[in-house]
Amino acid sequence: SQLENKTKEKLQKKICQVVLDHFEKQYMVELGDTWTSVRDVLTYPLCWQYAILMNKFSPSAELESTLLEKGCHPAFQGPLPYLPASLKCYIRRTPGRFTAQKHQPGKLKEYYLLNAASLLPVLALEVKDGEDVLDLCAAPGGKSVALLQCAYPGQFHCNEYDELRSRWLKQTIESFIPDPLVNLIKVSKLDGRQIGDLKSESYDKVLVDAPCSNDRSWLFSSDIQQATLRLIQRKELSCLQFQLLRSAIKALRPGGSLVYSTCTLSKAENSDVINLILHSCSNVIPVDISEMAKALSQEFTFLTGTQQHELLVLPEKGRAWGPMYVAKLKKI
Ligand code: SAM
């Protein structure tokens with residue numbers, strides 16, 4: 001299968017030593033001993049896990065019973081502050097690979113494979129039916145698909161700046177979302193930094209799943225030159241993330257809220273960016289998401305000592321989800 005091939009490729013590929021050395025230096029300081037166990041998961045793809053997000057628009061009872069027979073269980077259970085019954089995601093404690101479904105024109109896919117932690121920003125956003133929603137950095141579209149499992153937004157605007165990735169996003173949406181709903185989704189190719197001015201005070205909810213260092217894939221870069229260049233570019237990412245957040249705040253209606261997420265452990269791209277926004281924008285306040293983290297602590301490991309408006313999922317053996325940073329803010 002495609003996914004097995006990808007995993008094999010990852011296993012064949014070597015860890016990029018320049019990147020690992022860089023992580024060792026930075027994350028030993030930022031995370032201390034916790035980094036050692038996180039590193040063991042990130043550098044060993046055989047223990048990686050995949051979650052299966054069911055597509056409510058193409059339900060398959062047969063697939064669900066097969067998953068249960070194979071020892072999978074729902075990723076989200078129990079007293080979560082917001083858990084739409086229509087969001088169904090299965091996980092298994094043991095590492096394993098699932099077959100990815102190929103794109104077949106005219107046929108909806110039954111499931112989407114993802115890192116279970118990717119659903120946390122979606123849950124934190126708490127989208128309700130009828131709300132106007134913007135997914136600012138949307139490709140390849142995993143979170144857009146997940147958002148649509150949770151609710152029927154009024155307006156749903158998915159944006160992706162990169163031309164190629166934008167096509168990928170369109171394909172994902174078409175593979176999972178049926179007519180006529182698919183026609184109500186607006187896909188744009190704008191620089192997310194401009195959307196605040198172009199669509200000022202237009203949305204109730206904005207997801208900023210920001211371009212970031214992506215620690216997991218960066219560690220396996222095959223091109224050392226490219227990986228080294230990214231070390232330099234990494235410093236510029238927090239500036240881009242800050243600008244995307246500022247744009248998202250402009251695009252929000254007063255009373256609306258946004259979720260910021262990344263898949264890096266880096267403090268510079270996570271809490272530092274959020275703290276800078278909180279200090280420089282007087283019209284946003286932090287939103288407490290600690291109840292959500294508490295309710296999810298059986299399946300996910302979180303960094304301790306974070307503030308109430310943020311969480312950081314740390315990959316651990318048997319719960320190899322993340323890294324995923326999530327923060328929630330509200331516009332007043
Ligand atoms: N939300 C996606 C998902 O769940 O499938 C993943 C998004 S990925 C972390 C970040 C995306 O932001 C990348 O596809 C990248 O091309 C895009 N991006 C980078 N710069 C951007 C910008 N200025 N405006 C909008 N999108 C941008």
Side-chain angles (χ1 to χ4, degrees), residues 3 6 50-53 55 87 89 100 103 109 111-125 127 133-150 153 156-177 185-199 203 205-218 230 233-251 258-266 269-270 273 312-313 321-327:
L3 193 75
K6 267 192 185 165
Y50 299 90
I52 299 164
L53 173 67
N55 184 15
L87 181 81
C89 176
H103 176 70
K109 291 189 182 181
Y111 61 91
Y112 188 91
L113 296 178
L114 78 179
N115 185 316
S118 297
L119 293 175
L120 272 48
V122 174
L123 287 174
L125 199 58
V127 174
V133 182
L134 166 65
D135 189 350
L136 193 65
C137 309
K143 294 186 190 70
S144 313
V145 167
L147 276 165
L148 289 166
Q149 304 301 314
C150 297
F156 190 41
H157 178 179
C158 300
N159 179 67
E160 168 58 48
Y161 195 22
D162 183 274
E163 171 78 39
L164 215 80
R165 289 177 68 86
S166 169
R167 262 185 266 157
W168 190 6
L169 167 68
K170 267 202 138 148
Q171 199 181 68
T172 307
I173 292 173
E174 281 164 14
S175 306
F176 286 89
I177 314 301
I185 302 167
K186 178 181 162 188
V187 179
S188 65
K189 283 185 284 189
L190 297 163
D191 181 342
R193 290 171 288 189
Q194 292 170 353
I195 290 187
D197 288 326
L198 296 171
K199 304 278 287 174
Y203 303 97
K205 300 278 164 73
V206 179
L207 177 63
V208 186
D209 189 35
C212 71
S213 292
N214 193 341
D215 296 357
R216 229 180 238 257
S217 71
W218 193 17
R230 280 183 63 184
Q233 290 168 340
R234 191 176 206 205
K235 298 194 185 94
E236 290 156 20
L237 273 173
S238 15
C239 179
L240 171 62
Q241 290 154 347
F242 177 79
Q243 290 170 335
L244 286 167
L245 265 171
R246 235 182 13 195
S247 171
I249 293 164
K250 274 192 190 167
L258 71 82
V259 166
Y260 173 77
S261 53
T262 74
C263 51
T264 178
L265 298 162
S266 177
E269 296 175 47
N270 296 339
V273 176
L312 178 63
V313 181
W321 317 114
M324 180 62 59
Y325 174 80
V326 182

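Note that ligands are numbered from 1 as they come in the structure, with each ligand's atoms numbered from 1 the same way.
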*Between Ser144 and ligand 1, find which residue part has any heavy-atom pair under 4.0 Å and reply side chain, backbone, both or neither.*
neither
*side-chain contact (heavy atoms from CB on, under 4.5 Å) assessment of Ile185 paired with Leu148*: CA-CA 10 Å; Ile185 302 167; Leu148 289 166; 3.6 Å; yes
*Please identify which atoms of ligand 1 are closer than 4.0 Å to at least one heavy atom of Asp162.*
16 (O)
*In terms of residue, atom name and distance, what is the protein heavy atom nearest to atom 1 (N) of ligand 1?*
Asp209 OD2, 2.7 Å
*Just go through Ser188, Ser261, Gly142 and tell me whose heavy atom is the nearest to atom 5 (O) of ligand 1.*
Gly142
*For the residue pair Tyr325 and Tyr260, categorise the inter-ring angle as parallel (less than 30°), tilted (30 to 60°) or perpendicular (more than 60°).*
perpendicular
*asked:* Salt bridge check, Asp215 against Arg234: does any charged N sit closer than 4.0 Å to a carboxylate O?
replied: yes
*Any nitrogen or oxygen of Arg165, main chain or side chain, under 3.5 Å from a nitrogen or oxygen of ligand 1?*
yes
_Pairs of nitrogen or oxygen atoms closer than 3.5 Å, one from Glu160 and one from ligand 1: do any exist?_
yes
*Report the distance from atom CG of Asn159 to atom CD1 of Ile195, rounding to the nearest 0.5 Å.*
3.5 Å
*Could you check atom 19 (C) of ligand 1 against the protein and tell me its nearest heavy-atom contact, residue, atom and distance included?*
Pro211 CG, 3.5 Å
*Looking only at distances, please establish whether an N/O atom of ligand 1 is found under 3.5 Å from an N/O atom of Gly141.*
yes
*Could you check Arg165, Glu160, Arg167, Glu163 and say which one makes a side-chain contact (heavy atoms from CB on, under 4.5 Å) with Lys189?*
Glu163
*asked:* Please list the nearest protein heavy atom to atom 7 (C) of ligand 1 with its residue and the distance rounded to 0.1 Å.
replied: Ala139 O, 3.1 Å
*asked:* Can you tell me if Ala146 contacts ligand 1 (heavy atom of the residue under 4.0 Å from the ligand)?
replied: no
*Quick one: do the Gln241 and Thr262 side chains pair a donor with an acceptor below 3.5 Å?*
no
*For Leu240, is at least one N or O under 3.5 Å away from an N or O on ligand 1?*
no
*Counting heavy atoms not belonging to Phe242, are there more than 12 under 6.0 Å from its CZ?*
yes
*Starting from atom 23 (N) of ligand 1, find the nearest protein heavy-atom neighbour and note its residue, name and distance.*
Asp191 OD1, 2.9 Å
*Taking both backbone and side-chain atoms of Gly192, is any N or O found less than 3.5 Å from an N or O belonging to ligand 1?*
yes
*Heavy-atom side-chain contact between Gln194 and Ser247 under 4.5 Å*: no
*asked:* What's the separation between atom OG in Ser144 and atom CZ in Phe156, rounded to the nearest 0.5 Å?
replied: 4.5 Å
_Counting non-hydrogen protein atoms only, what is the nearest one to atom 21 (C) of ligand 1? Give residue, atom name and distance._
Tyr161 CB, 3.8 Å
*Residue Asn159 vicinity, atoms of ligand 1 by number, heavy atom under 4.0 Å*: 25 (C)
*asked:* Counting non-hydrogen protein atoms only, what is the nearest one to atom 12 (O) of ligand 1? Give residue, atom name and distance.
replied: Cys137 CB, 3.3 Å
_Atom pair CZ (Arg230) and CG (Asn214), whose distance is rounded to the nearest 0.5 Å_ = 6.5 Å
*Whether Ala138 lies under 4.0 Å from ligand 1, heavy atom*: yes
*Relative to the heavy atoms of Leu136, which atoms of ligand 1 are at a distance of less than 4.0 Å?*
25 (C)
*Assess whether atom NZ of Lys109 is packed by more than 12 heavy atoms of other residues, nucleotides or ligands within 6.0 Å.*
yes
